[in-house]
Amino acid sequence: MKYSTLAVHAGQYPDPLTGAVNVPVYLTSTFELTGIGTDRGWDYSRAGNPTRDRLEESLAALEGGFSGHAFASGMAAIYGLAAMLHAGDHLICSRNVYGGTERLFNQIVCHYGIEIEYVDTVNLEAVAAAIRPNTKLIHLETPTNPLMVLTDIHAVCEIAHARGVEVSVDNTFMSPVLQSPLALGADIVVHSTTKYLNGHSDGLGGAIIGSRPEHKQRFQMVQKAAGGILSPFECFLVLRGIRTLPLRMKQHEENGRAVAEFLAHQPKLSRLAYPGLASHPQHALALRQQRGFGSMMSFDLGSREAAGRFLGALKLFTCAESLGGVESLAAHSATTTHVSLSDAERESLGITQGLVRLSVGIEDKEDLIADLDQALAAV
Ligand SMILES: Cc1ncc(COP(=O)(O)O)c(C=O)c1O
């Protein structure tokens with residue numbers, strides 16, 4: 001089946017008990033046991049819930065994985081991923097990933113005796129050189145948040161697999177519609193379902209999609225043992241969002257391209273980063289590994305004051321964190337998504353005080369461009 005069909009039908013078939021066309025929300029913490037040690041497939045909602053099962057089935061189908069696992073947020077999913085590692089293991093992570101991922105690795109996971117090393121994964125030689133005998137996982141984010149830097153997933157997987165190392169990819173920015181990391185060779189995909197998958201900015205969520213039976217065993221254990229699972233109602237919201245994901249992504253894509261082309265001609269900004277523009281240094285890689293370019297982009301207005309004037313003047317774009325919803329958002333990365341980094345770290349990554357990130361929604365593109373135009377006039 002193709003994407004639009006999978007989005008509507010995978011995991012979303014009529015309820016066998018009642019025929020309900022929509023997936024029922026099983027608001028129950030526990031399930032009647034049929035005898036000592038026997039049940040109808042569910043015993044306690046931390047371990048499994050029928051609504052969550054359906055979402056997990058849908059996510060696995062969309063990513064072409066063996067199993068899906070829904071978590072309470074994107075960060076809970078990445079924490080679940082880190083739970084694969086043991087003391088003494090070495091984790092390689094892309095440079096300039098979402099700030100919350102670095103905060104989790106640097107302030108929590110590192111205390112478990114896991115060595116974390118940030119590598120410029122654009123540079124394949126650097127990836128090969130960083131692998132050690134105790135390296136267990138390479139975690140990629142591509143494109144990165146907010147600088148839209150791409151990593152060649154297939155090439156990194158070839159290097160990693162030759163040395164017995166697994167590769168995970170945070171696919172939040174592309175969604176399963178625009179990029180399939182598992183098909184490119186990755187072992188595990190993670191998502192913040194808070195973003196495009198849900199698509200309506202009305203619930204946090206996260207997911208891990210594994211490619212092999214041992215991943216299923218591992219991540220089911222993490223869900224049951226650590227408990228950071230997604231509630232049945234929020235599973236329902238993500239399932240509902242998924243049904244229109246391919247349609248929404250088409251509109252995000254069309255608007256993203258139009259906005260980027262408009263911004264490319266604006267003299268008041270620099271460092272416009274959108275992989276769909278021929279001027280993006282990795283445009284060829286984007287064409288090869290993605291099925292589109294999405295609607296995330298960033299640019300530099302030169303100073304915090306200019307960024308403040310621009311954000312303050314926007315009328316249709318809302319100045320807010322997060323991304324991937326139907327509504328357009330604009331964010332100041334240095335004080336939001338990457339606030340947990342030091343000034344020096346942000347500076348070395350290029351996350352300047354003048355940097356603004358856009359999540360272009362699905363409104364009419366002419367209205368979005370008019371809003372950006374009038375806000376740029378205020379800078
Ligand atoms: C790429 C990426 N991964 C993970 C996360 C974390 O997701 P959540 O906010 O759902 O915990 C975010 C949040 O912005 C993100 O942008």
Side-chain angles (χ1 to χ4, degrees), residues 55 59 63 68-83 93-109 118 121 139-151 153 168-179 181 186 188-209 222 226 228-231 234-235 237-238 241-242 252 273 275 290 294-298 318-325 327 329-341 349 351 355-361:
L55 172 61
L59 291 166
E63 285 291 4
H69 306 271
F71 286 85
S73 66
M75 290 324 304
I78 298 173
Y79 201 19
L81 175 73
C93 180
S94 295
R95 265 182 105 225
N96 97 57
V97 287
Y98 167 57
T101 303
E102 284 206 53
R103 178 171 48 212
L104 171 70
F105 289 164
N106 296 351
Q107 297 190 31
I108 296 184
V109 176
Y118 295 93
T121 51
H139 180 66
L140 307 176
E141 190 179 299
T142 177
T144 58
N145 179 359
L147 296 173
M148 308 305 293
V149 176
L150 271 57
T151 290
I153 298 173
S168 56
V169 178
D170 186 330
N171 203 23
T172 301
F173 265 38
M174 286 287 97
S175 90
V177 174
L178 298 184
Q179 180 167 269
I188 298 164
V189 170
V190 295
H191 277 283
S192 164
T193 65
T194 313
K195 319 300 180 191
Y196 290 104
L197 281 158
N198 171 304
H200 297 76
S201 308
D202 55 11
L204 292 181
I208 302 180
I209 296 100
V222 173
I229 42 97
L230 194 61
S231 78
E234 306 222 71
C235 289
L237 288 178
V238 181
I242 286 175
H252 279 299
Q290 301 173 183
S295 69
M296 297 302 301
M297 63 196 72
S298 61
T318 302
C319 178
E321 279 196 53
S322 203
L323 60 111
E327 69 292 319
L329 302 179
H332 185 243
S333 300
T335 53
T336 56
T337 54
H338 287 70
V339 71
S340 62
L341 303 191
L349 294 173
I351 302 172
L355 194 81
V356 170
R357 185 191 78 180
L358 298 184
S359 168
V360 180

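Values below: all heavy atoms of this structure, side chains included; hydrogens, waters and symmetry mates excluded. Just follow the structure's listing: the first ligand is 1, and inside any ligand the first atom is 1. Residue numbers count from 1 along this sequence.
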Review point. Can you list the residues that meet the ring pair (Phe, Tyr, Trp, His ring centres under 6.0 Å) rule with His338, with sequence neighbours excluded?
Key: none
Exercise for review: Would you kindly say whether Glu327 and Thr318 are connected by a side-chain donor-acceptor distance under 3.5 Å?
Suggested key: no
Review point. Are the side chain of Asn145 and the backbone of Phe173 linked by a donor-acceptor contact shorter than 3.5 Å?
Key: no
Exercise for review: Drop me the distance from Met75's CE to Thr101's OG1, to the nearest 0.5 angstrom.
Suggested key: 4.0 Å
Practice item. Using atom types as modelled and distance alone, determine if a side-chain donor or acceptor of Thr194 lies under 3.5 Å from a backbone N or O of Gly205. Key: yes
May I have every N or O pair linking ligand 1 to the protein at under 3.5 Å, one per line with atom names and distance?
{"from": "ligand 1", "atom 1": "3 (N)", "to": "Asp170", "atom 2": "OD2", "distance (Å)": "2.7"}
{"from": "ligand 1", "atom 1": "7 (O)", "to": "Ser192", "atom 2": "OG", "distance (Å)": "3.0"}
{"from": "ligand 1", "atom 1": "10 (O)", "to": "Gly74", "atom 2": "N", "distance (Å)": "2.9"}
{"from": "ligand 1", "atom 1": "10 (O)", "to": "Ser192", "atom 2": "OG", "distance (Å)": "2.8"}
{"from": "ligand 1", "atom 1": "10 (O)", "to": "Thr194", "atom 2": "OG1", "distance (Å)": "2.6"}
{"from": "ligand 1", "atom 1": "11 (O)", "to": "Gly74", "atom 2": "N", "distance (Å)": "3.1"}
{"from": "ligand 1", "atom 1": "11 (O)", "to": "Met75", "atom 2": "N", "distance (Å)": "2.9"}
{"from": "ligand 1", "atom 1": "14 (O)", "to": "Lys195", "atom 2": "NZ", "distance (Å)": "3.0"}
{"from": "ligand 1", "atom 1": "16 (O)", "to": "Asn145", "atom 2": "ND2", "distance (Å)": "3.0"}

Check your understanding: Does Thr151 use its side chain to pair, donor to acceptor, with the backbone of Thr142 at less than 3.5 Å?
Key -> no
